[in-house]
Protein chains: 2
Amino acid sequence: MATRAGRNEINTPARILDVAERLVQQRGFNGFSYADVAKELGITKPALHYHYAGKAELGDALITRYAARFAQALDEIDANVVGAPAKLDAYATLYEDVLRDKRMCLCGMLAAEYQTLPKAMTKTVIRFFDDSERWLTHVLDQGRQDQTLHFAGTSTDAARMIVGALEGAMLVARPYGDVDRFRTTSAHLLADLTKPN
Amino acid sequence: MATRAGRNEINTPARILDVAERLVQQRGFNGFSYADVAKELGITKPALHYHYAGKAELGDALITRYAARFAQALDEIDANVVGAPAKLDAYATLYEDVLRDKRMCLCGMLAAEYQTLPKAMTKTVIRFFDDSERWLTHVLDQGRQDQTLHFAGTSTDAARMIVGALEGAMLVARPYGDVDRFRTTSAHLLADLTKPN
DNA sequence: GTCTATAGGCAGATAGAC
DNA sequence: GTCTATCTGCCTATAGAC
């Protein structure tokens, strides 16, 4: 039986996060309101406050779930994808899938609005980037060791460049509504890393 | 004689743009208000509306001036800097200077908020990226021709990657408050382009 | 060109009934 | 767990005096 609006539902907290997540990714944390979420779910604002006391708490829950899902996706890549180049490609595809939905990376969006965020949220945003960087560093070390990847400098620096390049490619591609613009950049990035010196 | 708040000033429109520009770059278009600007200038909100009818008009003037200054900076690079690698380095330094002021690129910030912008502003944002891309494409062509730059694919694709990488490096470096994080990425990017195949 | 005063709306948030 | 009703404050914007 399909869920319907306007009635008690199980899993309301998760449905709230689903809607709020999309709104933040598309409009920014300062570009959506409790009223937007409530309207879309067919509930009222006080019902939202029951589940998430304030916008700061909602935002924090949003990043935490997003980071957990992202970490899970990285685990699945580790479990199912063989070889550093293919892992990097799968990593870029995670971003591409977000962009295809006309969304920005949640934490990329929050990074833009960083100076206006409730303080509780800022640490969690940083942690997301740290996690990505750590995972990429590991993949880069692996690829350098088995000679499938070639790059100058430390693996940490290269990881930071990859995160930045993908976040920026998303950022710029979105106004153009052009996923290919992103794909071209990510393909180039990967080609540079796999090309022998 | 220094200017003082609370009195009639020449150049009020430009002073408004100065304050608004910084606020947008640091807090986003949805993260600042007329009250913020008025308070900082020691004038009232209606005075702001006299010069810029609404937030959309102010935003449009903001991007237009920013794009004009950016184009001017690119002209100066063309006039004073010799060689494609040095020009790319000077280009990256433009971004670095913005970041040092704890600001995001104005158009990078607006790209994040793109879906919430007044429609008049969206075209101008796009034009900024198009201008950057065109200038970079020209520099890349020049460098490829005189063999000072080496890259795979079209110069347009490479230009798009550079814009994205620099915007993204700014985006991520800002929460860390770490200009070196940006500099490392831009140095790597340039090194990759100057490295012989 | 800048002011005071104010309109009208929406923001985040709470009290208290059911 | 969700509602109605409401508070307070800030938002963009305008009228009209100086």
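Values below: every heavy atom of this structure, side chains too, minus hydrogens, waters and symmetry copies.
- Between atom CZ of residue B/R27 and atom CG of residue A/L117 there is a gap of 10.0 Å, rounded to the nearest 0.5 Å.
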| field | Paired and unpaired positions of DNA chain C as dot-bracket, Watson-Crick or G-U wobble under 3.5 Å, | denoting a partner strand | value | ||||||||||||||||||
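- Salt-bridge annotation for B/D180 and B/R183: present, with a side-chain N of the basic residue lying under 4.0 Å from a carboxylate O of the acidic one.
- Nearest nucleotide to the A/K55 side chain, out of C/dA11, C/dG12, D/dT12: C/dG12.
- Residue-level contact check: A/F32 touches the backbone only, with heavy atoms under 4.0 Å from sugar-phosphate atoms and none from bases.
- Counted by atom type alone, A/D141 and A/S155 present one or more donor-acceptor pairs between their side chains at under 3.5 Å.
- Of the side-chain N and O atoms in B/T12, none sit less than 4.0 angstrom from OP1 or OP2 of C/dG1.
- To the nearest 0.5 Å, atoms OG1 (B/T156) and CG (B/L136) are separated by 10.5 Å.
- Residues from residues 110-119 of chain A with heavy atoms under 4.0 angstrom of DNA chain C: there are none.
- Considering only the side chain of B/H51, C/dT2 comes nearest among D/dT2, C/dT2, D/dC11.
- In this entry the distance linking NZ of B/K39 with P of D/dG9 reads 15 Å, nearest Å.
- Rounding to the nearest 0.5 Å gives a distance of 10.5 Å between NE2 of A/H150 and CZ of A/R144.
- A straight line from OH of B/Y52 to P of D/dC11 spans 20 Å, rounded to a whole angstrom.
- The distance between atom NZ of B/K45 and atom C1' of D/dC10, rounded to the nearest whole Å, is 8 Å.
- In this structure, CZ in A/R65 is found 11.5 Å from CD in A/Q72, a value given to the nearest 0.5 Å.
- Side-chain nitrogen and oxygen atoms of A/Y50 include none within less than 4.0 Å of the OP1 or OP2 phosphate oxygen of D/dT2.
- To the nearest angstrom, C1' of C/dG12 lies 16 Å from CG of A/L23.
- Although no hydrogens or angles enter the test, the distance criterion places a donor-acceptor pair under 3.5 Å between the side chain of A/K55 and the main chain of A/F29.
- For A/S33, the listed nucleotide lying nearest its side chain is C/dG12; candidates were C/dT2, C/dA15, C/dG12.
- Atom CG in A/N30 sits roughly 18 Å away from atom P in C/dC10 (whole-Å rounding).
- Taking the six-membered ring where tryptophan is involved, the planes of B/F70 and B/Y66 are essentially parallel, since the angle between them stays under 30° and well short of 60°.
- Between the P atom of D/dG1 and the CZ atom of A/R15 lies a distance of 13 Å, rounded to the nearest Å.
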| message | Let's go through A/R134 and A/D131 carefully: what are the C-alpha distance in whole Å and the side-chain angles of both, what is the deciding distance for salt bridge (Lys or Arg N to Asp or Glu O under 4.0 Å) to 0.1 Å, and is it a yes or a no? | response | CA-CA 5 Å; A/R134 190 177 310 114; A/D131 288 348; 3.1 Å; yes
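- The phosphate of D/dT2 (OP1 or OP2) has no side-chain N or O of A/T44 nearer than 4.0 angstrom.
- The separation between A/H49 atom NE2 and D/dG1 atom P is 17 Å, rounded to whole Å.
- Remark: the backbone N or O of A/L171 is not paired with any side-chain donor or acceptor of B/Y114 at under 3.5 angstrom.
- C/dC10 atom C1' lies 10 Å from atom CG of A/D36, rounded to whole Å.
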